[in-house]
Amino acid sequence: MFKKVKSSVSFVKLEEKILEFWKAEKIFEESLNLNKGKEKFIFYEGPPTANGAPGVHHVLSRIFKDIFPRFKTMKGYYVARKAGWDTHGLPVEIEVEKKLGINSKKEIEEIGIEKFNKLCRESVMKYEDEWKRMTERIGFWIDLDNAYFTFKNEYIETIWWILKSIWDMGLLYEGYKIVPYCPRCGTALSSHEVAQGYKDVDDHTVIVRFPLKNQKNRFLLVWTTTPWTLISNVACAINKNATYAWVKYDNELLLLDENLIEDVFDFTSDFKVLERIKGSSILEERYEPVYDFAEGDKNAFKIIHGDYVSAQEGTGIVHIAPAFGEEDMIVGKENNLPVVQMVDESGFFKSNVEKFSGMAINDANPEIIKDLKERKLLFKTQKVTHSYPFCWRCDSRLIYYAKKSWYIRTSEIKEKLLKSNDDVNWYPEHIKYGRYGKWLDNNIDWALTRERYWGTPLPIWQDDAGHKICIGSIEELKKLGDNVPDDIDLHKPYVDNIKIKCNICGSEMKRTPEVIDVWFDSGSMPYAQYHYPFENKELFESNFPADFICEAIDQTRGWFYTLMTISTILFEKSCYKNVLCLGLINDESGQKMSKSKGNIIKPWDVLDNQGADALRWYLFTSVSPWLPKNFSLKGVDEVIRKFLLTFWNTYSFFVIYANIDNFNPSEYKLDVKERCELDRWIISELNITIKRVNELLDEFNVTDSGRMIQEFIDNLSNWYVRRSRRRFWKSEEDSDKVSAYLTLYECLLNISKLSAPYIPFTSEEIYLNLSSVLDDKKKSVHLESYPAAQSDLIDYELSYKMDTARKIVGLGRAIRSKTALKIRQPLKNVVIFTDGNKKEEKAIRHFKNIIMEELNVKEISFVDSLDKLVSYNIKPNLKLLGAKYGAFLPKIREALLKENPLQVAIKVKNNKILAIVIDSIQYEISPEEILVESADREGISVESDGALTVGLNTLLDEKLIEEGFIRELIHHIQNIRKDAGFEIENTIETQIECSKEVQDMIKNNMEFIKKETLSNILSFNPKDDMYASSIRISNENIKISVKVVR
RNA sequence: GGGCGUAUAGCUCAGAUGGUUAGAGCGCGUCCCUGAUAAGGACGAGGCCUCUGGUUCGAGUCCAGAUACGCCCA
C-alpha cells in the first residue's frame, strides 16, 4: 500500500532526501533524454559571476529560469540547459587587487600582468562550489558539467570571429569619447561603478563674462559648476529657441536667458533689461576666449546651439569643453570643434597650461576663480549642493574625460535594432517600447574597450603608420603572427607578445593594448557557448534564437541589449523571443539589501530552515515577478502554513484512510459522470484550474497560475475533504466511498504534477507515493506529462451553484456566531429570500442538503418577500421635520407612528411620498423625512449579502435541545478518546455518571451515541481501570470513563 | 535634469472592457468548530483607493498635472 505519512513533516529534510534521489537516479538527465529529438524549447543562461557569494536575488532569477524549462519539458519539449559563467572584468580584477593589497594600475604592472592575470583566473571561480551547492539545493536543473566559461580560448575565439565580422562591416572604429574616469586609479569606470559613488557635495558655481568679439562692452554670461574645465573651453552653447535678454548692468551689456534674470541678478536691483532677442539670432557669433588653448582653430570660440540647454539653472548659456563632458563632445562633433585636452591621465594640468601647470584639477578651482577675478571676467560665484560621482574604491572625484577607445557603430544599426525589438515579447510589456525601446531610440555607439588586463583582448593589431588589421581566429593569428606558440593563451600578456608584419608597409604591427567590455562577452554567448562557427554549426543553428531568457530588470541596458545588438549585427534579428524581467529584492521594509545596513538575507538561512519549495513558492506567488519584492521571512512561513502544509495534510489524510481501508485506486474505475455531485464539483474545479494554469504558464505568468493552484488546494482541503470526511470513515465499502477515494486521489495526483515545476521537491514526494500503485507510473513526477484539462469535466454551472451554497452557509454561520448558537445545536429551519433571483434559488435548492448539514438545520425554505424575515421600525427624521414644522412636530410624530410600519417602509423604499391626515388637513412627508430601521422578527435572525438574505429560526424546543445536548456529549466523548491516546479505529467501552434526567436523554439516543463514538458498551457503571474525565454541559455535571475493548 | 514604473486596510497583495455597499491573506481583538491539519469558520476594529483638476449620468479604474518612492540613465 502507500508509504505511511506523518502529518508532521520537515520540508527541509524531505528536500534533502529528494535531492539524493534525483542524483542517484539521474532524473534530470533522464528528463532530457525523454524528449531528445522532439521539438525544442530554447533557453539561454545569462552567465553569473562566481567570484562572489550568491544572494537571494540570484535565487530569484534561478528559480524563474528553472520553472519554464521544467514546465516545457513536461509538455514534451526538449529543453537543453547549458550553464555558463561570466569570468572576465573589473570585478574580478578588484577582487585580486584587494587580495594583493594594491589598488592602482601602476602597481598591477609592477607585479606583472602575467602574474596578475593568473591570479584573476584562479579567483574567478572562487565561489563556484557555493554557487553549485545553491543551484542544486533550490532545485535549479541546469547542466553545470558542460558549462561555458567566458575566459576559455574557444569562447574568446568566437568573440574574435564576431569582432572581425563587425570590423569587416566597417562598424568597429577607434574614437575619442568621454568616459567617467578616476584620475587617481588611472582607469575608466563602468556606469555600474559610477552609480555606486554619487554623493551630495557643496560646490562653487561661477558665472563668467565672456566678451563678444568686436562688440564693445557686450558680454555673454556663462555658467559652470567646474571652473577648471574653462581651460579647455572652445565654444558656448545656447538654445536657439529660447529668448535671451540684453541686460544693462554697471555700464555693460550682459546676455542671458530672459527667464533667469531674476535668479542671476538677485543681489541687486540696479539693472535694466534693454532688449530681448531670439537665441537663433546670435548663433555663430564669436567671442574672445577666456583661456585660449585651441591653437588657432578656426571653429573655436563661437556660439552654437545645444538642444539640452535650458532655463532650468545657470544663465542659459553653457560653456563647452568637449574634452570633459559627453554632451559637450557630441555638440563639439556636430560643430567641428576641436577637443582641447589640457589634463593628463592622472588628473593634473599639462605643463603648457602656464599658470596652472602641474596642478591637480580639483585644487585648481580656487586658483582659476582668483585668476578670473583679477582679470575682471568673473561675474559672480555661488554655492550649490548637487550630487556628484566619486570613485567607490578610493573616494576621489571622478571626472568625465575624453579618451581614445574603440567603439561599435551601433547608432548606424538603430533601425535594425528597433525592428529586432518589434519581434520580442517582453514581460512586462511596458518595457518593450518603454524603458528598453526608449533606450534603443537614444542609441549611442557602444564603447567597447577598457584599458584593463583581465578580459577578452581586442584582436586588432596596428603599426605606427596607423595601418590596422583585425584577427578573426587562432588559425589566422598563427598564419600572420610571429612565433605563435601552439598552445597560445589568448589573454594578455601572451597575446600582446605576438607581432604581425603589416602587409601594406611591411612594418611591425602591435596589438592594441585594450581588452573589451565584459558585456560583449556575455552578449556573445549564443555563439561562443558552442564555439560557433569553428565547431557545432548545426547545434548552434538549431539552438537559435532562444525562446526564453530571464534576468533582472537592470539587464535592459546590459545583457538584454548586448545580446540583441550582437545578434542584430550578425543575423539581423533578436536572439531571443520572450524575455521575462525580474524586479529587485529589498528587505522587509523596502530597503535595499546592503552589507552596511546589515539587512542581507542569505539564501542559506531560508533554505536550511524553511526549505527551497517554500522559498520558491513565496517568490513565485507573492507579487508579479517584475515588481520590487520586499522579502519577508514571515511571508515564507505563511507559505508553509497556508499552502505547503495544507497540501501535505490533505495528502496525508488520503494516505492514512486509504491505508486503513486498504484502498488501491488502481483497482477501481468509476466514470466521473457517475460520481456524486460534490465529487463532480471538485473534479470540475480541478479541470478549470488545470486549464487556466496551462494558459497562464504559456504566457509566462507564474504568479497568477500559482495563486490558482493555491486556491484549488484550499477548496480541496477546506471544503471538499471537510464535506467528505464521513464518506471516508464509514466502515462499509460502497460506490460512494470508492467515488470519494478516487476523486481525492485524482485531485492530489494531478496537483502533484501541476505543481511540479513550482515546487519540485514536495510534488515529487507526494507523486512518488501516490503513483506507487499505478501500472504506468513514472520514476519521477518530472518525467510525467503536464496535466491537460478535460473540458467535458468542466461544469461552470455547478461551480456557480456551489459558490451560492457556500455563500448561504457563510451567512448562516454569521447568524449563529452573532446569536451565540453553536453549530452543534440543531435548529428548526433556515429561511432564504433571493429577491426573485431564480438562478440563485435553483442553486440553493440544488445544494439544500449541504446547506442544511453545514448549518445543522432541519428544513430550508424560501420567502417571496423580505417582510417575512424582517420587521420594520419607522421614525420621524426629527432634524428635517423639526425645521419644517416647528411646534407642530409632536402631532406629526404621533400621526406617523400610527401608520403601518411595513407600508411606510415600502413607500420609503420606493421613494414615494407619504400622505398623512391630521385634523382633516393632509400633510405630505417625503421619504428622506422618515427613518426606516429593519429589525429581526421574533425568533428569527438574519444576515444579508446584497439582495440575498438568510434568516435562521432561533427558537428551540425540547427535542432540539435534547439533540443538541447529545451532540455536545458525543463531542466530549470524542475529545476524551483523543486525550486518552486511543487510535482512531479503536472500539471502546464508555461509562457515564450523571443525573437521572441526563441518563434518560442518553437512553433515548443510545444507538446513535454508540455508533458515533465507536462504543461497544455504553452504560452507567464506572470502573477503576478506565480513563476518566469530568465535564459540564448546560449546568449538568457529567463524568465520562472510557477504555479500549478488543 | 530625462525616461520608465509603482502608489488601494497596520503589513503583503487582488481589483478585465468605467457601473450597486472596494476585496483576500497575514497581524490584532472577541467568539465558534475540530478524530487529517502546524489548521478551519464567524464577527469586529482598521480605507479622503497619494493629491489636484478634467472627461462622464457615474471614476480606485480613463485623461492632464503634482507629490512620494523605486529602477535606469545623465
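Order of the sequence lines sets the chain letters (A, B, ...), proteins ahead of strands, with each chain counted from 1. The model shown is predicted, which means the values in this text are computed figures rather than measured ones.
- The gap from the C1' atom of B:U12 to that of B:A16 amounts to 23 Å, rounded to the nearest Å.
- Separating the C1' atom of B:C28 from that of B:A45 is a span of 9 Å, rounded to the nearest Å.
- Judged by Watson-Crick or G-U wobble contacts below 3.5 Å, the nucleotide B:A14 has no partner.
- Each of A:Tyr745, A:Tyr720, A:Phe728, A:Trp648 was evaluated against A:Phe653; a single residue qualifies, A:Phe728, per the ring pair (Phe, Tyr, Trp, His ring centres under 6.0 Å) test.
- Distances were taken from every side-chain heavy atom of A:His430 (C-beta onward) to each of B:G70, B:C4, B:U37; the shortest belongs to B:C4.
- With sequence neighbours left out, A:Arg723 forms a salt bridge (Lys or Arg N to Asp or Glu O under 4.0 Å) with A:Glu853, A:Glu854.
- Set against B:G3, B:A14, B:A36, the side chain of A:Arg435 has B:G3 as its closest nucleotide.
- Considering only the side chain of A:Leu584, B:C71 comes nearest among B:A36, B:C33, B:C71.
- Donor-acceptor pairing under 3.5 Å is lacking for the side chains of A:Tyr433 and A:Asn421.
- Residue A:Val655 is out of contact with every strand shown, counting any heavy-atom pair closer than 4.0 Å.
- Rounded to whole Å, the C1' atom of B:C62 lies 33 Å from the corresponding atom of B:C26.
- Phosphate proximity of B:A36 to A:Tyr657: present, with a side-chain N or O under 4.0 Å from OP1 or OP2.
- In this structure, A:Ile713 places its CD1 atom 14 Å from C1' of B:A36, rounding to the nearest Å.
- Remark: the separation of the P atoms in B:C71 and B:U61 is 27 Å, to the nearest Å.
- In this structure, A:Ser622 reaches the sugar-phosphate backbone alone: every heavy-atom distance under 4.0 Å involves primed, P, OP1 or OP2 atoms, never a base.
- Nucleic acid contact for A:Ser632: none, since no nucleic acid atom lies under 4.0 Å from a heavy atom of the residue.
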* Asked: How far apart are the C-alpha atoms of A:Cys747 and A:Ile682, what are their side-chain angles, what is the distance that settles it, and do they pass the side-chain contact (heavy atoms from CB on, under 4.5 Å) test?
  -> CA-CA 8 Å; A:Cys747 287; A:Ile682 194 72; 3.9 Å; yes
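- Pairing of B:G58, defined by two Watson-Crick or G-U wobble distances under 3.5 Å, is not identified with any nucleotide.
- Between A:Ile970 atom CD1 and B:C33 atom P there is a gap of 15 Å when expressed in whole angstrom units.
- The residue A:Val5 sits apart from the nucleic acid: no heavy atom pair falls under 4.0 Å.
- Separating the C1' atom of B:G58 from that of B:U50 is a span of 23 Å, rounded to the nearest Å.
- Here B:A64 sits opposite B:U52 as a Watson-Crick or G-U wobble pair (both hydrogen-bonding atom distances under 3.5 Å).
- For A:Tyr400 and A:Phe324, the distance between ring centers is not under 6.0 angstrom.
- Residues A:Trp626 and A:Tyr427 keep their aromatic ring centres 6.0 Å or farther apart.
- For B:G27, one of the phosphate oxygens OP1 or OP2 lies less than 4.0 angstrom from a side-chain nitrogen or oxygen of A:Arg641.
- Nearest-nucleotide positions on RNA chain B for A:Asp704 and A:Ser652 put A:Asp704 closer to the 5' end.
- Taking atom CZ on A:Phe643 and atom P on B:U12, their separation rounds to 23 Å, with Å as the unit.
- Going from atom CG of A:Asn715 over to atom P of B:A39 covers 19 Å, rounded to whole Å.
- Along RNA chain B, the nucleotide nearest A:His971 and the nucleotide nearest A:Asn649 are compared for position; the residue whose nucleotide lies closer to the 5' end is A:His971.
- The number of heavy-atom neighbours closer than 6.0 Å to NZ of A:Lys839, taken from other residues, nucleotides and ligands shown, is 12 or below.
- The residue A:Thr646 sits apart from the nucleic acid: no heavy atom pair falls under 4.0 Å.
- In terms of the salt bridge (Lys or Arg N to Asp or Glu O under 4.0 Å) criterion, residue partners of A:Glu695 (sequence neighbours excluded) are, by chain and number, A:Lys691, A:Arg692.
- Nucleotide B:G40 is matched to B:C32 when pairs are restricted to Watson-Crick or G-U wobble geometry with both distances under 3.5 angstrom.
- The A:Ser717 side chain lies nearest to B:U37 when the options are B:C13, B:U37, B:G27.
- Nearest nucleotide to the side chain of A:Pro628, out of B:G70, B:A14, B:C26: B:G70.
- Within the shown strands, nothing qualifies as a pairing partner of B:G46 under the Watson-Crick or G-U definition with both distances less than 3.5 Å.
- No donor-acceptor contact under 3.5 Å links the side chain of A:Arg557 to the base of B:C73.
- Only the C1' atoms considered, B:U52 is 16 Å distant from B:G60, to the nearest whole Å.
- A salt bridge links A:Lys737 to A:Asp661: one of the charged nitrogens lies within less than 4.0 Å of a carboxylate oxygen.
- Nucleotide B:A74 holds its P atom 7 Å from the CH2 atom of A:Trp439, rounded to whole Å.
- Rounding to whole angstrom units, NE2 of residue A:His972 and C1' of B:C33 are separated by 12 Å.
- Out of B:C26, B:A36, B:A14, the shortest distance to the side chain of A:Leu627 is found at B:A14.
- One atom, CZ of A:Arg723, and another, P of B:A36, lie 15 Å apart when rounded to the nearest Å.
- At whole-Å resolution of the value, CZ in A:Arg707 and C1' in B:G23 are 13 Å apart.
- Listed nucleotides B:U37, B:U12, B:C33 differ in distance to A:Arg725; the shortest reach to its side chain belongs to B:U37.
- Aromatic pair A:Phe560/A:Tyr436: centroids not less than 6.0 angstrom apart.
- Atom name C1', nucleotides B:C49 and B:G40: the rounded distance is 31 Å, in whole Å.
- Salt-bridge check for A:Glu840 with A:Lys807: passed, with a basic side-chain N closer than 4.0 Å to an acidic carboxylate O.
- When Watson-Crick and G-U wobble pairs are counted only if both distances are under 3.5 Å, B:C71 pairs with B:G3.
- Residue-level contact check: A:Gln974 touches the bases, meaning some heavy atom is under 4.0 Å from a base atom.
- Between B:C73 and B:G18, the two C1' atoms lie 36 Å apart (nearest whole Å).
- Comparing B:C4, B:A14, B:A36 by their closest approach to the side chain of A:Lys438 singles out B:C4.
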Collect all protein-nucleotide pairs involving nucleotides 41-44 of chain B in which both atoms are nitrogen or oxygen and the distance is under 3.5 Å.
from  : atom 1 : to       : atom 2 : distance (Å)
B:G41 : O2'    : A:Arg813 : NE     : 2.9
B:A42 : O2'    : A:Ser817 : OG     : 3.4

